[in-house]
*Asks:* 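Below you'll find the structure I mean.
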Number of protein chains: 2
Amino acid sequence: MHRLRVRVVEDALDANDTIARANRADFDRFGVFVVNLMSAPGAGKTSLLERALRNMDGVRAGVLEGDVRGCLDSDRIARLHVPVTQIETDPAFGGECHLDANMVRAAIPEIPLKDLDLLIIENVGNLVCPAEFRVGEDLRVMVSSVTEGEDKPLKYPLMYRACDLVLINKMDLLPHLEFRLPELLENIDAVHPGMERMLVSARTGEGVDRWRDWLVSKAAKASAS
Amino acid sequence: MHRLRVRVVEDALDANDTIARANRADFDRFGVFVVNLMSAPGAGKTSLLERALRNMDGVRAGVLEGDVRGCLDSDRIARLHVPVTQIETDPAFGGECHLDANMVRAAIPEIPLKDLDLLIIENVGNLVCPAEFRVGEDLRVMVSSVTEGEDKPLKYPLMYRACDLVLINKMDLLPHLEFRLPELLENIDAVHPGMERMLVSARTGEGVDRWRDWLVSKAAKASAS
């Protein structure tokens, strides 16, 4: 039983990867650099995007929003006059807890790829399944909030391992928490040694320049190649 | 395709419910009241449990811990000399993002049911899938942290709808956040009108007496019936 189950899951992930490669080919054809942005619910993905998108130094950015239900986040992004497309993962039952390559594939005709250099895909808030499904992205970024505690890399290792950059958010709350930042950094290194990290606060703007520069330089490098 | 997919999911949930009823029958046979405790990662489930379990007024409580990886939380609970059993959902791939009835079924032989009045099942940190899978519990409780923002009930409605009580945690951080508590309460009422709620802080202990009293009275009522 157990072995069969693992095989079924592996087959599903293989099928997902095939579709993810087709998405990637479409993004490449238009020279669009794609970032898959993930975190637990309420860690600050949308707020960090709002901060970064205010001044993208000429890089034409768009957003694909994934939510179980509603379009609260895409409304926030649209206010910045950034092209935004919404995927709701809730068709009939409780809703999917992640984006997969097929959902992104279905949304591609709605995304103005020819007008973009950079597409940020904001995944469903969840530290487990989104890490298992590639959607055609170039790089993966996660947000880890200091309010979530130091132990999260050890409890959700796949997410921390799957990402290229971690934004450690809500740094402005540090004085009000019993939170040991060195312990979080140690735990990150334990599951993903040397993973790139930035200390940020979407509220105060701390570290947001670095995050925006990272996005701009990745997108510029992609469009130059 | 889509209709088939929905049917497959419904069949899986039906199968889960059958096993959940078997779990429930076992719990009932031993007169154990069971609470399924859910939240996003880092909302404070374990901390609120630690607070409540320190003085359970004669109610014999045990904990079943669900995590993708590791036994950090069960180590914390064990320090309180409370019987604790660990489920890891990570067999071979990225790990399951929720507990299901079958995982709990497999753990039941390890739980000292005859010595308990109350079993608290701490689910995997996730606001989506845990709400879809009954595991044999009597009631469901969720933790919603004020650091997660006011919009979570609208974005994860099934979770808020599935629960009988919401603990609004990290109230001590309220002065340091741009968080509008009335808006969260309105959003809770929009998806689950009249849902019972308690304002708590695992850090300061605010509201923890009410939460412990709630657990104690539910367990006492169950063992008296």
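Per chain, numbering begins at 1; letters A, B, ... match sequence-line order. Remember, predicted model here, so these are calculated numbers, not experimental data.
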*Asks:* Any idea which of A/P157, A/C129, A/A131, A/S145 has the most non-hydrogen atom pairs under 4.5 angstrom with chain B?
*Replies:* A/P157

*Asks:* Out of A/C97, A/G70, A/A40, which one racks up the most heavy-atom pairs below 4.5 Å with chain B?
*Replies:* A/C97

*Asks:* Quick check: does any side chain N or O of B/Y156 sit under 3.5 Å from a backbone N or O of A/G125, one acting as donor and the other as acceptor?
*Replies:* yes

*Asks:* When only pairs under 4.5 Å are counted, which of B/K152, B/E148, B/R203 shares the most heavy-atom pairs with chain A?
*Replies:* B/R203

*Asks:* Let me know if B/K155 has heavy atoms under 4.5 Å from chain A in its side chain, its backbone, both or neither.
*Replies:* both

*Asks:* What are the two closest non-hydrogen atoms of B/R76 and A/D151, and how far apart are they?
*Replies:* NH1-OD2, 4.5 Å

*Asks:* Heavy-atom pairs under 4.5 Å with chain B - which of A/L154, A/L177, A/D172 has more of them than the others?
*Replies:* A/L177

*Asks:* Chain A heavy atoms under 4.5 Å from B/L72: which part of the residue, side chain, backbone, both or neither?
*Replies:* side chain

*Asks:* For chain A, which of B/A162, B/P41, B/C71 has the most heavy-atom pairs under 4.5 Å?
*Replies:* B/P41

*Asks:* Which of the residues B/E178, B/H98, B/M159, B/R161 is involved in the greatest number of heavy-atom pairs with chain A at under 4.5 angstrom?
*Replies:* B/E178

*Asks:* Spell out, as yes or no, whether a donor-acceptor pair under 3.5 Å connects the side chain of A/K170 to the backbone of B/T147.
*Replies:* yes

